[in-house]
Amino acid sequence: MTTPVSTDSRRPGVSGALDRYFEITGRGSSWAREIRGGVVTFVTMAYIVILNPLILGGFSEDQAAKDVLGGWLQNSQVGAVTALTAGVMTILFGTVARLPFAFAAGLGINSFLAVTVVQDVTWPEAMGLVVINGLVITILAVTGLRSMIFSAVPAALKTAITVGIGLFIAFIGLVDSGFVRTSGNASPPVQLGDGGSISTLPTITFVIGLVVIGVLMARRVRGAIFIGIVASTVIAIVLQAIFQVPTSNGQNLDDWNLNAPVLPTQIVALPDLSLIGDVSFGAFARIGWLSAVMLVFTLVFTNFFDAMGTMTGLAKAADVAAPDGTFPRLKSALVVEGIGAVAGGATSSSSNTVFVESASGIGEGARTGFASVVTGALFILAMFFTPLTQVVPLEVAAAALVIVGALMVSQIKDIDWTDFSVALPVFLTIIVMPLTYSIANGIGVGFVTWVIVRAFSGKAREISPLLWIVAVGFLVYFVRGPIETLIG
């Protein structure tokens, strides 16, 4: 009995050529699944067009993140370049690496820039450091060193990274929805809802979305995540029309977090792209070479290992990873990711990197780079239709993240827990990611623990020399605060 071959893959025209190039049939996918997956990924990532401007910029000077000279970025300008850069980089990644991973401004780095870096340098100088960070990462990828480090990571740690990311994005969803909130106390630091009660409309909307998507997934309905997002958004729009709940950017527990689910009064808006090219490399002169190098070092480590961990998890979720955790066109993927950091700095949208929310599209069935092309095209359209990106509330997107997190955590079954020299580093990798809100921190703690525990348990010869080097690098990364203080 022969396996049937799709007519698209045999067709000599454009459709067949695209099918062969993106390997749609070869990976057991279809055009419908790729398009649907690309749309779902965009829907779960569209919040970045709203959130990134709130972190980097502001609607007015008094509520914006000001740099050392009092300069600030306008919200509308940051929103436009955020959508443009995400769109271009996602399409580039989809066509070069041909994997269903989407790009956008990384949340860890943009917060680091707004809270820490611009206290000492200007915004153009901060973006210049981001560009340098991207160039360093790209060089490491082009020379193959980044791929070598990737390959040197043990399979158990790669699986742990996937599981940790699953817990991490589920935790993000629970926090963004208001289902889990800070208690305001030292112990316990977090609590269920508002004082232990789920009583606010946005959080109830999240619960509705979680149940709807969960039931559809359990019943194996094709397009479950996408259908659930659409259905939950419609319900949210109806509830909002009745109760008229305001938004407060997380300041008021009873309000919508970022955007209320209402039909927009304006659909089209022309983008302001004047921030493109507003970059300076004057940070080295302003704060000195050593301090500037430490800032670049921090950016590189965060960028490097956040992306590596996310790609590992997404490749496993998409079922394109080899047993050792590598995946097709690994080097090309890492090079494009480095270029994303350069592009993010050059457009003042912050370093662009692969987004873990891509797992939502993968959960919807996306398996190839064509889904990324769809996502990227929607991001570019979002420059002109920014009002529409605010229709789906963050709380509905959060429900999809929790569902996908559950799918990724299921891979924990592949880890051998009988060897404690494996179990401890794996456990710390998994648990540190959500608890510190950082993929890089989880990877770093896992690497350092793996090297120390395995070495002192008589297995030092089994540890790759590159893993030793990376572990030492992470030790420096973790104590960079005192080092920066000594530098002055």
Side-chain angles (χ1 to χ4, degrees), residues 48 51-86 88-89 103-140 272-304 306-307 337-353 440 476-477 480-481 483-488:
I48 195 64
L51 182 57
N52 197 42
L54 293 176
I55 294 174
L56 296 180
F59 294 102
S60 60
E61 182 178 357
D62 62 325
Q63 53 95 220
K66 290 191 281 289
D67 63 27
V68 68
L69 298 182
W72 60 286
L73 305 178
Q74 292 185 15
N75 188 288
S76 60
Q77 294 176 336
V78 177
V81 294
T82 297
L84 174 64
T85 312
V88 171
M89 289 310 308
F103 277 58
L107 289 176
I109 288 181
N110 60 6
S111 299
F112 178 60
L113 293 174
V115 175
T116 303
V117 178
V118 294
Q119 301 301 311
D120 299 314
V121 300
T122 66
W123 272 112
E125 290 166 352
M127 293 303 169
L129 294 176
V130 173
V131 170
I132 294 172
N133 147 68
L135 291 173
V136 172
I137 292 174
T138 303
I139 292 171
L140 291 174
D272 182 350
L273 303 176
S274 56
L275 283 178
I276 295 177
D278 189 15
V279 178
S280 169
F281 298 101
F284 293 87
R286 185 180 300 279
I287 61 176
W289 278 83
L290 285 176
S291 295
V293 167
M294 282 304 300
L295 289 176
V296 172
F297 175 82
T298 303
L299 290 170
V300 168
F301 251 75
T302 303
N303 223 146
F304 189 110
D306 262 8
E337 200 278 329
I339 295 172
V342 176
T347 59
S348 292
S349 63
S350 182
S351 175
N352 272 234
T353 186
V476 175
Y477 173 74
R480 66 190 184 281
I483 294 175
E484 290 169 353
T485 302
L486 288 174
I487 292 173

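All values below were derived from every heavy atom in this structure, side-chain atoms included, with hydrogens, water molecules and symmetry-related copies excluded. Keep in mind that this is a model prediction, so the values were computed, not measured.
- Looking at every heavy atom in both residues, E337 comes nearest to F103 through CA-CE2, 3.6 Å.
- Scanning for side-chain contact (heavy atoms from CB on, under 4.5 Å) contacts around T122 gives D67, V68, L69, P124, E125, R286, with sequence neighbours left out.
- Nearest heavy-atom pair, G134 versus V342, reported as atom, atom and distance to 0.1 Å: C-CG2, 3.4 Å.
- Closest of all the heavy-atom pairs between A343 and M89 is CB-SD, 3.9 Å.
- The CG atom of L56 lies 5.0 Å from the CE atom of M127; values are rounded to the nearest 0.5 Å.
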*asked:* For a side chain to side chain contact (heavy atoms under 4.5 Å, CB included) check, start with the C-alpha distance between F301 and V476, then their side-chain angles and the critical distance, and finish with the verdict.
replied: CA-CA 10 Å; F301 251 75; V476 175; over 6 Å; no
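- Side-chain contact annotation: N52 with T82, donor-acceptor N/O pair under 3.5 Å present.
- Here the side chain of N352 pairs a donor or acceptor atom with the backbone of S350 at under 3.5 angstrom.
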_As a quick check of understanding, evaluate side chain to side chain contact (heavy atoms under 4.5 Å, CB included) for L275 and L73, giving each step before the final call._
CA-CA 9 Å; L275 283 178; L73 305 178; 4.0 Å; yes
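- For A104, the side-chain contact (heavy atoms from CB on, under 4.5 Å) partners two or more places apart in sequence, or in a different chain, are M45, I48, A86, F355.
- Counting all heavy atoms, side chain and backbone alike, T353 lies closest to G106 at CG2-CA, 4.0 Å.
- L273 contributes atom CG, which lies 9.0 Å from atom OG1 of T85 (distance to the nearest 0.5 angstrom).
- N133 contributes atom CG, which lies 8.5 Å from atom OG1 of T138 (distance to the nearest 0.5 angstrom).
- Distance check: S349 OG to I276 CD1 gives 9.0 Å after rounding to the nearest 0.5 Å.
- With hydrogens and angles ignored, the 3.5 Å screen pairs a side-chain donor or acceptor of W123 with a backbone N or O of A65.
- Summarising the geometry of V118 relative to A126, their closest heavy-atom pair is CG1-CB, 4.0 Å, with the distance given to 0.1 Å.
- S351 and N303 form a side-chain donor-acceptor contact under 3.5 Å, judged by distance and modelled atom types alone.
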*asked:* Run L84 and T347 through side chain to side chain contact (heavy atoms under 4.5 Å, CB included) and show every step you take.
replied: CA-CA 9 Å; L84 174 64; T347 59; 5.5 Å; no
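- Listed here is the closest heavy atom pair of Q77 and S274: NE2-OG, 2.9 Å.
- Of the inter-residue distances, the one linking L299 atom CG with L113 atom CG reads 6.0 Å to the nearest 0.5 angstrom.
- For the atom pair L129 CG and F284 CZ, the distance stands at 6.0 Å (nearest 0.5 Å).
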